[in-house]
Amino acid sequence: MSSPDLRVLVVDDDFMVARIHGRFVEQTDGFEVVGTARTGAEALELVDSLHPDLLLLDVHLPDLSGLEVLEQLRGRGQDVAVVMVTAERGAAAVRSALHGGALQYLVKPFEYDDLADRLRRVAVTLASLADEVDQATIDQAFGTGRPVDVPAVLPKGLSPETADLVLEAARGTGEISASEAAEAVGLSRVTARRYLEHFVDTGAAEVRLQYGGTGRPERRYRVVR
């Protein structure tokens, strides 16, 4: 029997942004949106009434900041998982989120795959801590050991045969971009990136950002096992 979907509350004062983030959540297997809040006070009320498993929490809200919401949740003893989703890049905010117990911190703007990656990592962390755990699992959850592997079941829409082709293309070049993988295998860049990001999720590959003179950095993938 499959595990029930993780229930997600989206907290963002921008209605359109909240809708987009909610759509991203619904696209990701294993997650469902149960509500949307536009203020910190509303977020606290909905946590009490809806009991979500996970908050996508913006820092900049019209009343309380997202960091204050996080602090109040922990002060109440509520252990709901939190992913900060914000345009705030300040080191102080990142430190506050970390000290407050946020599991991930994702800077806007981002693409669907970026959020899906964080969601899956949170799901794996929560699942690994469902029962009594050993030191290795604790180290993984706290980021002091090797990352917890995402189960190797392919996400919806990906095939084992194509996954093998993309993996071989990545192995053959040492390091590859989504565009290069797409050309090598005959896929769209978006589809090739889905496979490559899956390999990162499962620990089969690593990703680094290659910065050029202008524009967004390129994601480069390397097979590690």
Side-chain angles (χ1 to χ4, degrees), residues 5-14 17-18 20-22 24-26 28 30-130 133 137-150 197 200-201 207 209:
D5 289 351
L6 291 180
R7 295 159 47 81
V8 180
L9 174 64
V10 178
V11 184
D12 198 296
D13 66 331
D14 187 314
V17 171
I20 292 168
H21 293 174
F24 283 174
V25 172
E26 294 287 358
T28 309
F31 298 87
E32 64 171 331
V33 175
V34 295
T36 302
R38 300 185 66 179
T39 68
E42 187 179 7
L44 292 169
E45 291 175 2
L46 290 179
V47 168
D48 287 336
S49 62
L50 297 176
H51 307 291
D53 302 299
L54 171 64
L55 261 66
L56 294 189
L57 181 58
D58 193 7
V59 168
H60 299 294
L61 300 172
D63 51 354
L64 305 172
S65 76
L67 297 172
E68 289 173 315
V69 171
L70 179 58
E71 182 179 8
Q72 289 198 30
L73 288 172
R74 298 304 181 239
R76 297 177 181 185
Q78 290 167 318
D79 61 356
V80 58
V82 173
V83 174
M84 305 302 299
V85 178
T86 178
E88 177 58 61
R89 299 169 179 265
V94 176
R95 285 195 298 269
S96 294
L98 180 63
H99 294 159
L103 292 180
Q104 297 284 338
Y105 194 108
L106 182 58
V107 176
K108 302 175 185 176
F110 51 81
E111 297 181 12
Y112 163 72
D113 288 341
D114 298 316
L115 179 59
D117 172 70
R118 271 62 173 193
L119 293 175
R120 293 181 186 120
R121 291 180 185 278
V122 168
V124 171
T125 298
L126 295 179
S128 72
L129 299 177
V133 295
T137 302
I138 294 170
D139 289 343
Q140 290 169 345
F142 278 86
T144 55
R146 293 185 60 194
V148 179
D149 281 350
V150 176
E197 290 292 339
V200 173
D201 289 345
V207 62
L209 297 181

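Bear in mind that the values here come from a model prediction, so they are computed numbers and not experimental data.
- By the 4.5 Å heavy-atom criterion applied to side chains, V85 and F110 are counted as neighbours.
- Across all their heavy atoms, A81 and L103 have their closest contact at CB-CD1, 3.8 Å.
- When every heavy atom of A18 is checked against every heavy atom of V10, the shortest pair comes out as O-CG1, 3.9 Å.
- The shortest side-chain heavy-atom distance between P52 and V8 does not fall under the 4.5 Å cut-off.
- In this structure, D53 contributes its side chain and R7 its backbone to a donor-acceptor pair below 3.5 Å.
- V59 places a side-chain heavy atom less than 4.5 Å from the side chain of M84.
- Residues L61 and T39 are not in side-chain contact: their nearest non-hydrogen atoms beyond the backbone lie 4.5 Å or more apart.
- With hydrogens and angles disregarded, no donor-acceptor distance shorter than 3.5 Å links the side chain of E71 to the backbone of G100.
- With contacts defined as side-chain heavy-atom distances shorter than 4.5 Å, the pair L119/L54 qualifies.
- Using modelled atom types, no side-chain atom of D201 and backbone atom of R120 make a donor-acceptor pair closer than 3.5 Å.
- With hydrogens and angles ignored, the 3.5 Å screen pairs no side-chain donor or acceptor of R74 with any backbone N or O of L70.
- The shortest distance between side-chain heavy atoms of V122 and R118 does not fall below 4.5 Å.
- A87 approaches D58 most closely through the heavy-atom pair N-OD1, 4.4 Å.
- At least one side-chain heavy atom of L115 sits less than 4.5 Å from a side-chain heavy atom of L56.
- Between L67 and E88, the closest side-chain pair of non-hydrogen atoms is not below 4.5 Å.
- Proximity of a side-chain donor or acceptor of E68 to a complementary backbone N or O of S65 within less than 3.5 Å is detected.
- A donor-acceptor contact closer than 3.5 angstrom links the side chains of D48 and Q78.
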Derivation and outcome, salt bridge (Lys or Arg N to Asp or Glu O under 4.0 Å), residues K108 and D12: CA-CA 12 Å; K108 302 175 185 176; D12 198 296; 2.6 Å; yes
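- Here the closest non-hydrogen pair linking L64 and A41 is CD1-N, 4.2 Å.
- Relative ring orientation between Y112 and F24 is described as perpendicular, the plane-to-plane angle rising above 60° on a 0-90° scale split at 30° and 60°.
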